[in-house]
Amino acid sequence: MSLRLYNTLTRQKEPFEPLDPANVRMYVCGPTVYDFAHIGNARPVIVFDVLFRLLRELYGKDHVTYVRNITDVDDKINARAAERFPDLAPEVGIRKLTDDTAAQFHKDIASLGVLPPTVEPRATEHIVEMVQMCNALVANGHAYVAADHVLFDVSSMPDYGRLSNRSLDEMEAGARVEVAPYKKGPMDFVLWKPSKPGEPAWPSPAGIAVPGRPGWHIECSAMAGRHLGNVFDIHGGGIDLAFPHHENEIAQSRCAHGTDIMARVWMHNGFLQVEGEKMSKSLGNFITINELLETKTFGANQWHGRVVRWAMLGTHYRQPIDWTVDRLVQARATLFDLSFLHGAPVADAPHPEVIAALSDDLNTPSAISIIHGLAKSAHRNAMSASILKATLQFMGLYDNETQSDLNPGYQVRTVDSVKVDTLIAARLDARKRKDFNESDRIRDELAAIGVTLKDTKNKDTGEIETTWELAR
RNA sequence: GGCCACGUGGCGGAGUGGUGACGCAGCGGACUGCAAAUCCGCGUACCCCGGUUCAAUUCCGGGCGUGGCCUCCA
């Protein structure tokens, strides 16, 4: 089965052919670490995790290099660090902020079933590469120095704008931004800028005397180049990054390296709304991953990471997604239904039809549909159950969670399981006496504390056995 | 204003130039002392208006709606 991926560069699905099947290389723009990651940040992390898993399945675990960076140099970081740690020296406060935020990010996304990338470079560890890149661009005429800045000259690149499908004329006509006076062209962008006192600073490139710091886009070009080479297979990120961030990455990397392309395939996940509205702090619907996982802020419920992941993958990655309580409720109900797999054995490999669905431009909804079909037969067939379980684990959608696990908020006001077991024994006793009034009373009592009973007949002994779960 | 997506049944959500994916909810039935779980069955869905076609939800044009980018926001 062959992998096909939608390429933003060509606006169509294309067969995926790695440059080197022994080392398939993918870069995804990671977070700028100044605050909790929000649910919109979670989408590319989850989506490209699925792609990473798929590539490992298709090409072998040791034949995929996945780079997802951490951007730890940024104006927002500087501002936040100064605000939060006013008594610390700037570089100390910044380091603390970025370390803490990165650690929180790792914790959050681990709960979402996300595998660690092969390499997770930090921008500040690649300043040397950025400086080299600036020097190269100035030397070959694609960049110039002005007012202690290094600026990229977009007019030097004939097909600038190809990724986002816009021409320089269009962009300049539609521009509403004031143009810095030192720019040659209005669309020229900053590769390097001088640092004010208190800001992080490194020795500048291109003979600039004052110390400076990198512009926004250069870090990804530097890290991708260092870890994946001048040309690699896949570059991913949110659709909002296509312009200007990815466009400018392409410009820098290609012109610095003298290549026709930077990445062969450019992939972009769609945007996320919350309850039908743009997520924004001013609307009060801004929701972080951590709030979802550990508080009852959203829908008065705490949500398990697998539930969040399932809800996310229920929609194709390029479609817009409306993040609602109802979708989480449905995802949780589905996972509840699958928890009968708890403790079951696991097959060696995921179901090939699911691999085929994912190979069609990561069609996760179709994959989930196939999973539903598998679940049907898994109720009666242990082999199907083990394949289902392997498939779910492959997609990061299930890892032996119980229903209690999957409903973390509920658990805290539950239930003394000793008491439940005592009541169940009493009920079984009443049933043996055919005292169904008493047996129903006990079941109602348990229902009142959110416990649902299931009676099953043991095939071997013929005895009635009762299990219980939390009401959904 | 320029550029770009998206609009499928009560809800979620794939897909396709020609017999209604799939899930949730709902309804009916089997099973059960009653339930739960499970199983079986049940739905005249593709924003509007034109066009192309033997045939359009699917292609083309226009409109309306929602959203994104053009402002270091995934």
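In what follows, chains are A, B, ... by sequence order, proteins preceding strands, each numbered from 1. All of these numbers come straight from a predicted model, not from anything done at the bench.
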Enquirer: Expected output is a numbered-order residue list: members of residues 307-314 of chain A with a heavy atom under 4.0 Å from any atom of RNA chain B. What is it?
Expert: A/Gly314
Enquirer: With sugar-phosphate meaning primed atoms plus P, OP1 and OP2, does A/Asp326 contact a base, only sugar-phosphate, or nothing at under 4.0 Å between heavy atoms?
Expert: sugar-phosphate
Enquirer: Respond yes when some side-chain nitrogen or oxygen of A/Lys457 is under 4.0 Å from OP1 or OP2 of B/U38, and no when none is.
Expert: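 Negative; the distance criterion is not met.
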Enquirer: In plain terms, say whether A/Arg441 and A/Asp444 are close enough for a salt bridge, that is, a side-chain N and a carboxylate O under 4.0 Å apart.
Expert: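 No, no charged N to carboxylate O under 4.0 Å.
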Enquirer: Do NZ/NE/NH1/NH2 and the carboxylate oxygens of A/Arg327 and A/Asp322 come within less than 4.0 Å?
Expert: no
Enquirer: Report yes if at least one side-chain N or O of A/Lys454 is closer than 4.0 Å to OP1 or OP2 of B/A35; otherwise report no.
Expert: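 So the side chain of A/Lys454 is outside the cut-off, no N or O lying under 4.0 Å from OP1 or OP2 of B/A35.
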Enquirer: Side-chain contact test, heavy atoms from C-beta onward, threshold under 4.5 Å: evaluate it for A/Met133 versus A/Ser253 and give yes or no.
Expert: yes
Enquirer: What residues from residues 429-440 of chain A pass a heavy-atom cutoff of under 4.0 Å to RNA chain B?
Expert: A/Arg431, A/Phe436, A/Ser439, A/Asp440
Enquirer: Which value, in whole Å, describes the distance between the C1' atoms of nucleotides B/C69 and B/G12?
Expert: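 Nearest-Å result for B/C69 against B/G12 at atom C1': 28 Å.
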Enquirer: Do any side-chain nitrogens or oxygens of A/Arg327 fall under 4.0 Å of OP1 or OP2 in B/C24?
Expert: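 Looking at the OP1 and OP2 atoms of B/C24, neither is under 4.0 Å from any side-chain N or O of A/Arg327.
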Enquirer: Decide yes or no, distance alone: a donor-acceptor N/O pair under 3.5 angstrom between the base of B/C34 and the side-chain of A/Arg443.
Expert: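 For A/Arg443, whose side chain was compared with the base of B/C34, there is a donor-acceptor pair (under 3.5 Å).
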Enquirer: Of the nucleotides B/C39, B/G23, B/A74, which has the atom closest to the A/His372 side chain?
Expert: B/G23
Enquirer: Thinking salt bridges, do A/Lys183 and A/Asp188 make one under a 4.0 Å N-O criterion?
Expert: no
Enquirer: Can you check whether any acceptor in the base of B/C34 is under 3.5 Å from a donor in the side chain of A/Asp455, or vice versa?
Expert: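 Answer yes: a donor N or O sits under 3.5 Å from an acceptor.
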Enquirer: Side chain to side chain donor-acceptor pair (under 3.5 Å): which pairs involve residues 268-277 of chain A, sequence neighbours left out?
Expert: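 Pairs touching residues 268-277 of chain A that pass the test: A/Thr8-A/His268, A/His246-A/His268.
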Enquirer: Does the pair A/Asp49/A/Arg309 count as a salt bridge with the N-to-O cut at 4.0 Å?
Expert: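 Salt bridge flag = yes for A/Arg309 with A/Asp49.
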Enquirer: Need one value for A/Leu272: base, sugar-phosphate or nothing, where a base atom within 4.0 Å counts as base even if backbone is also close, heavy atoms only.
Expert: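 It contacts base atoms.
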Enquirer: Hey, does the side-chain of A/Gln330 have a donor or acceptor N/O within less than 3.5 Å of a partner on the base of B/G23?
Expert: yes
Enquirer: Does OP1 or OP2 of B/G23 have a side-chain N or O of A/Ser369 closer than 4.0 Å?
Expert: no
Enquirer: B/A74 base stacked by A/Phe271? Criteria: ring centres under 5.5 Å, plane angle under 30°.
Expert: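 Yes, A/Phe271 stacks on the base of B/A74, since the ring centres sit under 5.5 Å apart and the planes are within 30°.
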Enquirer: Please pick, from B/C72, B/G67, B/G33, the nucleotide with the shortest atom-to-atom distance to any side-chain atom of A/Lys193.
Expert: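 Within the option list, the nearest is B/C72.
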Enquirer: Please report the distance separating the C1' of B/C47 from the corresponding atom of B/C34, rounded so that it comes out in whole Å.
Expert: 48 Å
Enquirer: Pick the P atom in B/A45 and in B/U19, then give their distance to the nearest Å.
Expert: 13 Å
Enquirer: With nearest nucleotide decided by heavy atoms, which residue, A/Asn165 or A/Pro365, maps closer to the 5′ end of RNA chain B?
Expert: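 Final value for this comparison: A/Asn165.
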Enquirer: Any carboxylate oxygen within less than 4.0 angstrom of a Lys/Arg side-chain nitrogen, looking at A/Lys193 and A/Asp148?
Expert: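 Here A/Lys193 does not pair with A/Asp148 in a salt bridge, since their nearest N and O are not under 4.0 Å apart.
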